[in-house]
Amino acid sequence: MSVGEIRIPEDRDIHGGETFEATIRLLHWPGLDEIIRVGRTWRIQEGHQLVATGRILEMLAPVWPGT
């Protein structure tokens with residue numbers, strides 16, 4: 001499990017069954033590099049509630065605070 005952030009524009013509604021492409025920023029933690037890869041499916045949860053599933057399409061270079 002990892003903690004992250006998905007930013008969706010305020011003027012955009014997403015409905016069940018709809019496909020949406022977004023950039024997700026994950027907080028780095030030990031072991032993350034070994035499990036994240038293009039093609040992997042991902043559960044997106046709020047607490048214990050599943051709110052979406054996703055598939056990793058592309059890996060972007062890490063961004064560190066202050067850079």
Side-chain angles (χ1 to χ4, degrees):
M1 179 166 59
S2 183
V3 174
E5 170 185 69
I6 303 172
R7 290 192 179 174
I8 301 171
E10 289 184 25
D11 61 343
R12 178 76 159 96
D13 290 330
I14 301 172
H15 304 282
E18 185 177 357
T19 299
F20 179 73
E21 190 170 318
T23 299
I24 300 172
R25 181 190 297 194
L26 298 174
L27 296 179
H28 191 268
W29 52 274
L32 184 64
D33 295 334
E34 289 82 36
I35 62 170
I36 290 190
R37 63 188 174 283
V38 172
R40 181 188 168 125
T41 56
W42 206 262
R43 294 172 53 94
I44 300 169
Q45 296 181 212
E46 290 182 0
H48 293 289
Q49 182 175 356
L50 176 67
V51 295
T53 58
R55 182 176 28 240
I56 299 173
L57 302 175
E58 179 182 9
M59 299 288 293
L60 303 176
V63 177
W64 303 105
T67 59

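The first residue of the sequence shown is numbered 1, and numbering continues consecutively from there.
- Cluster membership check: Leu26 shares its hydrophobic cluster with Met59, using side-chain heavy-atom separations under 4.5 Å among Ile, Leu, Val, Met, Phe, Trp and Tyr.
- Sorted by first and then second residue, the salt bridge (Lys or Arg N to Asp or Glu O under 4.0 Å) pairs involving residues 10-19 (not counting sequence neighbours) are Arg12-Glu18.
- With Trp42 as reference, Ile35 is the one residue of Ile24, Ile35, Thr53 to meet the side chain to side chain contact (heavy atoms under 4.5 Å, CB included) rule.
- Contact check for Arg37 versus Ile56: no side-chain heavy atoms found under the 4.5 Å cut-off.
- Remark: Ala22 engages Ile6, Phe20 in a side chain to side chain contact (heavy atoms under 4.5 Å, CB included) (not counting sequence neighbours).
- Thr23 OG1 to Glu21 CD: the interatomic distance, rounded to the nearest 0.5 Å, is 7.5 Å.
- Legend: salt bridge (Lys or Arg N to Asp or Glu O under 4.0 Å) pairs involving residues 40-59, not counting sequence neighbours: none detected.
- The CG atom of Leu50 sits 8.5 Å away from atom CD1 of Ile44, with the distance rounded to the nearest 0.5 Å.
- The hydrophobic clustering, which links ILVMFWY residues whose side-chain heavy atoms are closer than 4.5 Å, places Ile8 and Val51 together.
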